[in-house]
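What follows is one structure encoded as structure tokens, with my remarks underneath.
Atoms considered below: every heavy atom in the structure, side chains included; atoms not considered: hydrogens, waters and symmetry mates.
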There are 2 protein chains.
Amino acid sequence: MLIGELARETACDSETIRFYEKEGLISAPARSSSGYRRYQQEHVGQLNFVLHCRSLGMSLAEIRTLSAFRRDPSLACVEINTLIDGHIEQVHQQIETLKRLEQQLHALRQRCQEGTDAAHCGILQTLVQAAEGEGCVCHDAPLHTPGTAHPH
Amino acid sequence: MLIGELARETACDSETIRFYEKEGLISAPARSSSGYRRYQQEHVGQLNFVLHCRSLGMSLAEIRTLSAFRRDPSLACVEINTLIDGHIEQVHQQIETLKRLEQQLHALRQRCQEGTDAAHCGILQTLVQAAEGEGCVCHDAPLHTPGTAHPH
DNA sequence: GCTTGACCTTATAGTAGCTCCAAGGTTTGA
DNA sequence: TCAAACCTTGGAGCTACTATAAGGTCAAGC
């Protein structure tokens, strides 16, 4: 199987497959005499595993760790649980942060309902005032939202 | 005011201030004879505006657009509303996506409650099966979570 | 006058997870 | 024989910073 066929089968871009190989997330396939990558069925499984984990928002580092357990199933799974728990907590924090953000944005949006010019735009006024005034309490909570994954 | 003082006053790193200047988000200050940046009160306002918008999760491109309206208040504010609405929608989508993700992760976590080895770890088994099976419906929704901002 | 330390400058490289492009080689079908 | 569709590598680009190196400046203390 050439890289293009694997790409179609897994709905993953060829470039991304090469990238995952370089990053050690999938094993390097055999090469044809002309240097083309020749994939086997096992690579489909490996790649799908990575893509599935990515779709669950895991980082490449986390997936590398899980892959190690996949390769050597004698290892303790406590670490797997810890990894998943950590990831759940991360996602939970992101949700909470984004919810607060959503509320702030809705409040901001309320300030301008009609289309005039920017001089009278309540949104802009609010943003400028918030930046200049000391009493702005709407952004004292940290925002940390690490990027998550692409569709699988 | 030197860059360090502005940094302390706004709780923004000096490097980041220079970066914002290079990106055109704040105006370039006058320089002393030795090349040091000399900031005025207006720069504090500009920088706080940027930081506040960042704390609301806006991208630098969005902030550039808002800054233009701030500089020229005769422009229509319809675009401001559109920008904010788009941003709210983005945040809303992120929240929905992350909520689905959270549920999937909780379901996954249920698969392994006790610490044995990875061979019998339900989490790993589930991940591997999900990757290999066709019938995995748990990751057909796209995940797009652009990074958001740091605390202000 | 000299040294020390805190400040400032620019330029460059690194982070995550890809994505895109250029310049070339290979294979397949008409 | 030729074109289209594939493949290769290497490098740059994206976001929003962060970190480092190598050097210049300035004020205080001795």
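No contact: S14(B) has no heavy atom under 4.0 Å from any strand. Contacts of R18(A) with the nucleic acid, taken as non-hydrogen atoms under 4.0 Å apart, include base atoms.
One can place CE of M58(B) at 13 Å from P of dA16(D), the figure rounded to the nearest angstrom. For the pair D13(A) CG and dC6(D) P, the computed distance is 13 Å after rounding to whole Å. If you measure from atom CZ of F19(B) to atom P of dT9(C), you get 17 Å, rounded to the nearest angstrom. Atom CD1 of I3(A) and atom C1' of dC6(D) are 11 Å apart (whole Å). Following rounding to the nearest Å, L56(B) (CG) and dA16(D) (P) show an atom-to-atom distance of 14 Å. Between the P atom of dT25(D) and the CG atom of L2(B) lies a distance of 14 Å, rounded to the nearest Å. We find that CZ of R54(A) is positioned 10 Å from P of dT19(C), with the value rounded to whole Å. Counting to the nearest Å, the C1' atom of dG24(D) and the CZ atom of R37(B) are 14 Å from each other.
Where A61(B) and S33(B) meet DNA chain D, the nucleotide closest to each residue was compared, and A61(B) sits on the side nearer the 5' end. Looking at which nucleotide of DNA chain C each of Y39(B) and K22(A) is closest to, the 5′-most match is held by Y39(B).
Side chain of E15(A), nearest nucleotide from dC21(C), dT27(C), dT9(C): dC21(C). Distance from the side chain of Y36(B) is smallest to dG24(D) among dG24(D), dG17(C), dC18(C). You'll find that the side chain of S59(B) is closest to dA16(D), out of dA16(D), dT8(D), dT10(C). Listed candidates were dT8(D), dT19(C), dT27(C). Nearest to the side chain of S34(A) is dT27(C).
In this model, the phosphate group of dC8(C) is not approached by any side-chain N or O of R38(B) to a distance below 4.0 Å at OP1 or OP2. Note on Y20(B): every side-chain N or O is 4.0 Å or more away from OP1 and OP2 of dA16(D). Close to dT25(D), at under 4.0 Å from its OP1 or OP2, lies no side-chain N or O of S32(B). Within the structure, a side-chain polar atom (N or O) of R31(A) is placed less than 4.0 Å from OP1 or OP2 of dT9(D).
The shortest non-hydrogen separation linking T10(B) to V44(B) is CG2-CG1, 4.4 Å. Residues E21(A) and A28(A) come closest through the heavy atom pair OE2-CB, 3.5 Å. For the pair S14(A) and G4(A), the tightest heavy-atom approach, listed with the atom from each and the gap, is OG-CA, 4.2 Å. Of all the heavy atoms in C53(B) and L66(B), the pair that sits closest is SG-CD1, 4.0 Å.
Looking at Q46(A), its side chain does come within 3.5 Å of a backbone N or O of S27(A) through a donor-acceptor pair.
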